[in-house]
Protein chains: 2
Amino acid sequence: MEAQVNQTRQKVKEQFRLFLTNKGLKATLQRSLILDAFLDLDRSTHIDELYLILRGKHPNIGHATVYRALRLFTTAGIAREINLGDGLTRYELAGGRRHDYLVCSDCGTVTEFENSSIERHQAEVARSMGFTVQSLKIELRGVCNRCMAQPE
Amino acid sequence: MEAQVNQTRQKVKEQFRLFLTNKGLKATLQRSLILDAFLDLDRSTHIDELYLILRGKHPNIGHATVYRALRLFTTAGIAREINLGDGLTRYELAGGRRHDYLVCSDCGTVTEFENSSIERHQAEVARSMGFTVQSLKIELRGVCNRCMAQPE
DNA sequence: TTGCCTGCAAATCGTTTGCAGTGTT
DNA sequence: AACACTGCAAACGATTTGCAGGCAA
């Protein structure tokens, strides 16, 4: 599976490289760094998390550059925006099939899981209402087992 | 059903009145106006919509007052916050069982529907992950039949 | 009278944009 | 040499907060 991760990484980087070439955009050091940091995490994240990681290695990278890069990844089809309503925009690798989130209302942790059986069912209901479904998001709020165990 | 709506309205207003008394808070004209406007709509709404309606009748009501009132309704258990990721906080009457939304990515319209069969199923999965579920939200993005029909 | 509430304006927070200088092609 | 890109700071839009005066209890 280690090998598979690396394969995904290479595919994504290649996909991005092609996207840039096709659009006449430029392959800059920052974009490469941000994409690497994003791929390293391998889970949904928000800009500030990436920004902090990146600042560690490259102190003069700009906040705006990270925002711009993630938006670019999204239009390139590499990333996907998710918004869990806490005022932060999160990003996850597109291509994955994780649209299901457990949000802990205590510590704010977001756990992802997958449950594809529900998608068909849900999409069917929507279709019967004359709605053409593009994407599905399921969000559960509650208390995670860690917070349940240790009262602060 | 007209009668039932009025019954709900009275119950909610009574619930709010009790809440205020118990907490030592005050029943002001503004809070009453905002609650009425909220109940009149009888569907999820955002602050600006309420604000505009209220300004029509009471030109010097403050933006902040509407925000504060809706937050109060939420803590009173009358309203529920929903966030569909478009940067606006929406509110709906709590007590209802509508947690399912169709968001049109074209015109932004939010249509609500109900599908309780899914809740048990989904909650079960979460529980197996050691998660205590408090609430569930299902969000479908796509194109509504109106937008599908008329290309701009 | 007490002190919660209101309306206004200023502050805040995440995110976007303008701009002058830099780096890719 | 063109022109996209970066970093900074200022702008932005939704929401919150501080404060002086106003109004329920």
Side-chain angles (χ1 to χ4, degrees), chain A residues 13 16-37 44-52 54-76 79 81-91 108 110, chain B residues 13 16-38 44-52 54-76 79-91 108 110:
Chain A
K13 298 184 81 164
F16 187 51
R17 203 183 56 70
L18 283 172
F19 172 81
L20 293 176
T21 311
N22 287 336
K23 298 280 183 182
L25 304 176
K26 303 193 171 168
T28 65
L29 175 62
Q30 288 88 336
R31 282 172 180 170
S32 176
L33 290 170
I34 296 168
L35 182 52
D36 275 328
S44 78
T45 184
H46 44 274
I47 264 83
D48 272 345
E49 185 174 27
L50 281 178
Y51 181 64
L52 257 53
L54 289 159
R55 288 294 282 207
K57 301 166 190 170
H58 299 264
N60 20 345
I61 200 164
H63 219 141
T65 304
V66 183
Y67 276 97
R68 285 188 274 231
L70 268 293
R71 187 140 38 101
L72 195 60
F73 296 168
T74 303
T75 64
E81 279 191 16
I82 29 180
N83 199 306
L84 268 9
D86 53 357
L88 293 179
T89 302
R90 308 177 67 87
Y91 290 88
V110 176
Chain B
K13 297 183 83 161
F16 187 50
R17 203 183 57 69
L18 284 171
F19 172 81
L20 293 176
T21 311
N22 287 338
K23 299 279 182 182
L25 304 176
K26 305 193 169 165
T28 65
L29 175 62
Q30 288 87 336
R31 282 171 180 171
S32 177
L33 290 170
I34 296 168
L35 182 52
D36 274 329
F38 180 55
S44 76
T45 184
H46 44 274
I47 263 84
D48 272 345
E49 185 174 27
L50 281 179
Y51 181 63
L52 256 52
L54 289 160
R55 288 294 282 207
K57 301 166 190 170
H58 299 263
N60 20 344
I61 199 162
H63 220 142
T65 304
V66 184
Y67 276 97
R68 285 188 274 230
L70 269 294
R71 189 140 36 101
L72 194 62
F73 297 167
T74 303
T75 65
R80 184 192 297 133
E81 280 191 16
I82 29 179
N83 198 307
L84 268 10
D86 54 356
L88 294 180
T89 301
R90 306 176 70 87
Y91 291 88
V110 177

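In the text below, chain A, chain B and the rest are named by the order of the sequence lines, each starting its count at 1.
Between A:Glu49 atom CD and C:dT15 atom P the separation is 13 Å, expressed in whole Å. Summarising the geometry, the separation between CZ on B:Arg90 and C1' on D:dA14 is reported as 14 Å, rounded to the nearest angstrom. Atom CG of A:Asp86 and atom P of C:dT12 are 21 Å apart (whole Å). One interatomic measurement links the two molecules: CD1 of B:Ile61 to P of D:dG22, which rounds to 18 Å at whole-angstrom precision. Summarising the geometry, the separation between NZ on A:Lys23 and C1' on C:dT24 is reported as 19 Å, rounded to the nearest angstrom. Between the CG atom of B:Leu25 and the P atom of C:dT2 there is a distance of 20 Å, given to the nearest Å. In this structure, the CD1 atom of A:Ile34 is 7 Å from the P atom of D:dT6, given to the nearest Å. Atom CG of A:Asn60 is separated from atom P of C:dG21 by 18 Å (rounded to the nearest Å).
The two residues A:Lys26 and A:Arg31 make their nearest non-hydrogen contact at O-NH1, 2.8 Å. Closest approach of B:Tyr91 and B:Ile82 over heavy atoms only: N-CG1, 4.2 Å.
Closest approach to the A:Thr89 side chain among D:dT6, C:dT6, C:dT15 is made by C:dT15 (side chain taken as heavy atoms from C-beta onward). For A:Ala64, the listed nucleotide lying nearest its side chain is C:dT17; candidates were C:dC8, D:dG7, C:dT17. Side-chain proximity of B:Thr65 to D:dT15, C:dG7, D:dT6: nearest is C:dG7. Counting only heavy atoms from C-beta on, B:Ala27 has its side chain closest to D:dA25 among C:dT6, C:dT15, D:dA25. Closest approach to the A:Arg71 side chain among D:dC8, D:dT15, C:dT16 is made by C:dT16 (side chain taken as heavy atoms from C-beta onward).
When only modelled atom types and interatomic distance are considered, A:Tyr51 and A:Arg55 share a side-chain donor-acceptor pair under 3.5 Å.
Residue contacts for A:Arg31: at a heavy-atom cut-off of 4.0 Å it reaches the sugar-phosphate backbone alone, with no base atom in range. No engagement by B:Leu29 is indicated, since no non-hydrogen atom pair under 4.0 Å with the nucleic acid exists. Within 4.0 Å (heavy atoms only), B:Leu88 reaches sugar-phosphate atoms of the nucleic acid but no base atom.
The base of D:dC23 does not come close enough to the side chain of B:Lys26 for any donor and acceptor atom to sit less than 3.5 Å apart.
Residues B:Gln30 and B:Val66 are not in side-chain contact: their nearest non-hydrogen atoms beyond the backbone lie 4.5 Å or more apart. A heavy-atom distance below 4.5 Å is found between the side chains of A:Ile34 and A:Phe73.
The phosphate of D:dT6 has OP1 or OP2 within less than 4.0 Å of a side-chain N or O from A:Thr28. Side-chain nitrogen and oxygen atoms of B:Gln30 include at least one within less than 4.0 Å of the OP1 or OP2 phosphate oxygen of C:dG7. Between B:Tyr67 and D:dT16 there is no side-chain polar atom (N or O) within less than 4.0 angstrom of OP1 or OP2.
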